[in-house]
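Encoded as structure tokens, the structure appears first; notes follow it.
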Amino acid sequence: MMRTRFAPSPTGFMHIGNLRTALFGYLLARRMGGVFALRIEDTDIGRYVPEALDKIYETLKIAGIKHDEGPDIGGNYGPYVQSERKDSYLKQAEALIELGAAYYCICAPGEEACNCRAAGLARPEGPYAIRQLIPPGQTTFSDLVYGEITVENSELEDQVLIKQDGMPTYNFANVVDDHFMAITHVLRGSEYLPSTPKYNLLYEAFGWPIPTYVHLPLILSADGGKLSKRRGDAFFEDFLEKGFLPEAIVNYIVLLGWSPPDNREIYTLAELEQVFGIEGLSKAPSTFDLAKLKWMNGEYFKAMSGKNFEPLAAPYLAAAVKREDINRSALSLMVKDRIATLLEIREILDFIDVLPEYGADLFMNKKNKSTPETAKDMLSKLLPEMEAFPAENWESGAIYKFLTDFAEAQGVKNSLVLWPIRCALSGKESSPGGATELLNVFGKNESVARIKQALEVL
RNA sequence: GGCCCGUUGGUCAAGGGGUUAAGACACUGCCCUUUCACGGCAGUAACAAGGGUUCGAAUCCCUUACGGGUCACCA
């Protein structure tokens, strides 16, 4: 049975690249009817951030990635936290020494000329590390996406397996844990490609079966570099804060370094669990394109019902519009299909609370032939009729009929009366809705007031 | 710098010896429209370069260039 794993270290937020690795591991396991395990790699005591563990659980949950085994839910291969497996690493490293594939090293960390390999020390009294003994020759490993890669062993270093603090290094703990957790497929970023031969040497020395490697191409930022904390495009949380939906982020990310079997791009997680496969993985690094993420996010809003959208938009709406006399549901609906991110709600509705200052030019519209003059004419004639309009009948259908009747009575095209109203109510060149919608959300009193203001400008 | 990996439009990418070299985002234009959007239609735009191999190369090989990764008692 296929077993994959996600092995983050609890050092902070969830990097987009790591999230994608988790996602791919999860999807692959689901697709193949396998198991996806979560293992916490907390061997670096110095970088350990206690809250990060919860962050990992939370992120996976929000993203919809469900692990089958892990520290929180257990499993047959626990414990799933490396610090709790500490003893086994030392034991295995010493076994490796017996096998002639490792040795004790008493040098200080970072020390250059190390003679410990030649010295063949017995277990030292004082502080020591254990290093891997790289044999001469060359090593070939096979990767499902990159194929066969061969390197000269002379390029490899006698890497540290057990640190002086008794903790294993990432590279060693990984090998030991993957073996004892029966991991069959190791998915990780391609930055680990250079250290993979050392893994093989370790597996070979132990006589353990070598797992299938699946290295994933890197995700780059628009400038060709790495995604960065500073630019705010490195972490899953960054994008949530910017008003992106978890589903859209996940959907977008899965398309980075992997392409679906058909031309479709919008997939639910459940659908991805059916179609994801290593065949679609690519070797070349890909650039994270915010514009496409935005488009995709917008698609998710459009596909959503107004009812489902409303609670998502509510907090942003509350920040954007303070006045109480506006129907929130109507606003929410008005905005739903017009935004790429929830954050845009504020900007798109900035005319609701306070009418922006504008000049007579606003009423110019080449296409419908509106001019400040026609606008003034229409609005001044409309105003008294509008004031006479019964407030209790103020709703879209009636408003629209009222306006079209008015236009007909004046003998002009609808747009010649609708356009100036839209301008008067929004004070902007574009607004999330036309005249009827705006009249409807503002209600009679505010609408009349704004039209009066417009007449003053005109 | 050594080693490793990569290179199809601005971006994501399909395609793996014979294609008019898909599709999506972005961009442009037109249509629709009660603004702007949405939607519909159309368009601009690519096989890094040079050598081979082959009847035939985006696809295979080599070289170069460029980009990235890696060379920690970090992960």
Side-chain angles (χ1 to χ4, degrees), chain A residues 7-11 18 41-44 46-47 105 107-111 127-131 143 145-147 149-152 154-157 159-174 188-197 215 217-218 220 222 224-226 252 255-266 280 282-296 298 302 335-339 348 362 365 367-368 370 400 403-404 407 413-423 425-426 428-439:
Chain A
S9 56
T11 53
N18 285 138
E41 310 232 337
D42 59 347
T43 56
D44 186 352
R47 292 212 305 162
C105 173
C107 298
E111 198 165 308
Y128 64 86
I130 297 178
R131 285 182 185 275
D143 181 273
V145 354
Y146 288 92
I149 296 173
T150 301
V151 298
E152 296 295 330
S154 56
E155 296 292 334
L156 275 20
E157 291 203 2
Q159 66 173 340
V160 169
L161 268 18
I162 300 288
K163 299 182 265 189
Q164 274 192 8
D165 66 6
M167 287 297 238
T169 56
Y170 165 85
N171 284 326
F172 188 57
N174 239 268
R188 30 149 49 169
S190 65
E191 70 268 28
Y192 294 109
L193 233 24
S195 58
T196 307
H215 285 91
L218 266 18
L220 273 24
K226 294 183 183 179
Y252 176 67
L255 261 20
L256 256 23
W258 177 77
S259 64
D262 54 29
N263 259 336
R264 201 144 67 95
E265 289 193 308
I266 307 286
S282 74
K283 301 178 183 184
S286 43
T287 305
F288 193 101
D289 183 13
L290 195 63
K292 184 139 187 180
L293 207 213
K294 282 186 177 174
W295 165 78
M296 191 169 276
K302 282 172 206 151
V335 122
K336 181 174 94 72
D337 291 354
R338 299 168 196 272
I339 53 166
I348 207 178
L362 182 63
N365 185 314
K367 214 161 133 198
N368 65 36
S370 264
Y400 185 60
L403 295 176
T404 50
K413 288 195 317 192
N414 288 348
S415 53
L416 227 46
V417 357
L418 296 168
W419 173 254
I421 295 174
R422 192 208 66 77
C423 293
L425 296 194
S426 68
K428 297 175 75 179
E429 284 180 24
S430 77
S431 51
T436 316
E437 280 168 290
L438 293 182
L439 286 169

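What you see below is based on every heavy atom in this structure, not just the backbone, and it leaves out hydrogens, waters and symmetry mates. Lettering of chains follows the sequences in order, A, B, ..., and the numbering in each one begins at 1. Computed from a prediction, not measured in an experiment: that's the story for all the values here.
- Residue A/Ser430 places no side-chain N or O under 4.0 Å from the OP1 or OP2 atom of B/U35.
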Distances under 3.5 Å between protein N/O atoms and the N/O atoms of nucleotides 65-72 of chain B, please, pair by pair.
{"residue": "B/C71", "atom": "O2'", "partner": "A/Glu157", "partner atom": "OE2", "Å": "3.4"}

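- At a threshold of 4.0 angstrom between heavy atoms, the contacts of A/Pro432 include nucleobase atoms, whether or not backbone atoms are also involved.
- Between B/U35, B/C12, B/C73, one nucleotide has an atom nearer to the side chain of A/Ser431 than all others, and that is B/U35.
- Residue A/Gly257 is classed as a sugar-phosphate contact, given heavy-atom separations below 4.0 Å to backbone atoms only.
- When the side-chain hydrogen bond (donor to acceptor under 3.5 Å, both in side chains) test is applied to A/Asn414, no partner is found at least two apart in sequence or on another chain.
- Listed pair A/Lys302 / B/A37 fails the phosphate criterion, with no side-chain N or O lying under 4.0 Å from OP1 or OP2.
- The residue A/Leu403 sits apart from the nucleic acid: no heavy atom pair falls under 4.0 Å.
- We find that NZ of A/Lys428 is positioned 14 Å from P of B/C36, with the value rounded to whole Å.
- Residues passing the side-chain hydrogen bond (donor to acceptor under 3.5 Å, both in side chains) test with A/Asp289: none are found, sequence neighbours excluded.
- A/Thr11 has no side-chain polar atom (N or O) that falls below the 4.0 Å cut-off from OP1 or OP2 of B/C74.
- Candidate nucleotides B/C4, B/G6, B/A75 were compared by shortest atom distance to the side chain of A/Ile149, and B/C4 ranks first.
- Phosphate proximity of B/U11 to A/Lys294: absent, as no side-chain N or O sits under 4.0 Å from OP1 or OP2.
- Considering only residues two or more places apart in sequence or on other chains, A/Arg338 meets the side-chain hydrogen bond (donor to acceptor under 3.5 Å, both in side chains) condition with none of them.
- Here A/Thr436 lies in heavy-atom contact (under 4.0 Å) with a base.
- Secondary structure note: stems in RNA chain B built from 3 or more consecutive Watson-Crick or G-U wobble pairs under 3.5 Å occupy B:1-7 with B:65-71, B:10-12 with B:23-25, B:27-31 with B:39-43, B:48-52 with B:60-64.
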Problem set entry | Summary of protein contacts for nucleotides 22-31 of chain B, nucleotide by nucleotide, where a base hit scores B, a sugar-phosphate-only hit scores S (4.0 Å, heavy atoms) | BBBS------
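- In the set B/G6, B/C73, B/U35, the nucleotide with an atom closest to the side chain of A/Glu437 is B/U35.
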